[in-house]
Amino acid sequence: DVKVTQSSRYLVKRTGEKVFLECVQDMDHENMFWYRQDPGLGLRLIYFSYDVKMKEKGDIPEGYSVSREKKERFSLILESASTNQTSMYLCASRHRVDTGELFFGEGSRLTVL
Amino acid sequence: GNSVTQMEGPVTLSEEAFLTINCTYTATGYPSLFWYVQYPGEGLQLLLKATKADDKGSNKGFEATYRKETTSFHLEKGSVQVSDSAVYFCALPDTGRRALTFGSGTRLQVQP
């Protein structure tokens, strides 16, 4: 089975702190994604990566950056956390030639005080 | 761009009731369509999918038919169980086929 692991299930940070959310997948997938989930808004794409060191902005990239130095790992970075970034963050991966199915991690719930 | 609209929740049903969660889409061409489910405290997992018009996806007693005439992909189950309580998301590839675009989610609560 595909395993997507997010390093932290729950985080509490203060405004202005730098936050790292880590995601690792074990199926050699080329594509990896970061989504944000908020009630009533569904999932919104922040960034995705189609290969190592390759990234592309999603629909809501402002305030975020990403890093993909190794194929299995995709990190989401909040350079200076703000209270409006309090949310559930979901990482996903997909094989490049698949029909589109994404495999998700369990999510990281971030609270910014 | 491609988008999906699904019915708002929560949907509250008694055990063994019939379930329908509506999903309509706007898309260029005929992309694959998906239903994902999120159980409490977990990430999303694929429930079913359909890759072309008139296809029916099915899994765990759930079904959805890809209907291009009505641009719909409604999720149905004949007899829900308490364990089906979750949030259900309809999804399709975004316009550039980069990622999936999701609906806002429909929370289902099944009471014993």
Side-chain angles (χ1 to χ4, degrees), chain A residues 1-10 21 23-25 29-51 54-61 66 74 87-109, chain B residues 1-10 21-25 27-52 55 57 59 64 66 73 86-107 109:
Chain A
D1 282 351
V2 174
K3 183 76 171 175
V4 179
T5 304
Q6 295 184 230
S7 57
S8 303
R9 291 295 303 275
Y10 302 94
L21 300 179
C23 175
V24 177
Q25 51 93 4
H29 284 171
E30 287 85 2
N31 298 169
M32 296 188 75
F33 307 83
W34 277 105
Y35 284 89
R36 170 175 172 163
Q37 182 182 9
D38 298 289
L41 297 177
L43 277 70
R44 293 178 290 169
L45 182 67
I46 305 172
Y47 265 97
F48 75 99
S49 169
Y50 44 92
D51 209 339
M54 309 298 279
K55 61 186 179 184
E56 195 166 320
K57 293 179 180 179
D59 299 320
I60 53 164
V66 290
F74 192 35
S87 187
M88 171 70 85
Y89 291 88
L90 294 170
C91 176
S93 72
R94 178 186 67 191
H95 192 275
R96 180 168 51 200
V97 298
D98 202 354
T99 55
E101 178 184 354
L102 300 185
F103 296 86
F104 282 85
E106 292 185 321
S108 298
R109 183 167 294 282
Chain B
N2 293 357
S3 64
V4 291
T5 302
Q6 58 181 109
M7 61 188 289
E8 290 191 23
I21 299 177
N22 291 338
C23 171
T24 56
Y25 67 89
T28 303
Y30 302 104
S32 297
L33 301 175
F34 303 84
W35 276 102
Y36 278 79
V37 59
Q38 184 179 35
Y39 297 105
E42 299 183 12
L44 279 71
Q45 56 185 273
L46 181 67
L47 179 60
L48 56 82
K49 65 181 180 183
T51 58
K52 61 182 186 294
D55 262 5
N59 186 26
Y66 190 158
F73 192 54
V87 182
Y88 294 81
F89 293 90
C90 187
L92 81 171
D94 65 19
T95 305
R97 298 292 192 269
R98 307 169 306 166
L100 293 186
T101 293
F102 289 83
S104 56
T106 303
R107 180 175 299 277
Q109 298 172 329

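Quick caveat: nothing in here was measured; it's all calculated off a predicted structure. Chain A is the first sequence line, chain B the second, and so forth, proteins listed ahead of strands; every chain is numbered from 1.
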Between A:Y35 and chain B, which part of the residue has a heavy atom less than 4.5 Å away: side chain, backbone, both or neither? side chain
Decide whether A:D38 and A:S87 meet the rule of one side-chain donor and one side-chain acceptor closer than 3.5 Å. yes
Whatever's closer than 4.5 Å to a heavy atom in chain B on A:L45 counts as side chain
Between atom CZ of B:R107 and atom CD of B:Q38, what is the distance when rounded to the nearest 0.5 Å? 8.0 Å
Between B:F73 and B:Y66, how do the two ring planes meet: parallel, tilted or perpendicular, split at 30° and 60°? perpendicular
Given heavy-atom pairs under 4.5 angstrom as the criterion, report whether the side chain, backbone, both or neither of A:R109 touches chain B. neither
Could you grab the distance from atom CG of A:L90 to atom CD of A:Q6, nearest 0.5 Å is fine? 6.0 Å
Measuring heavy-atom distances to chain A, does B:Q6 have an atom under 4.5 Å in its side chain, in its backbone, in both, or in neither? neither
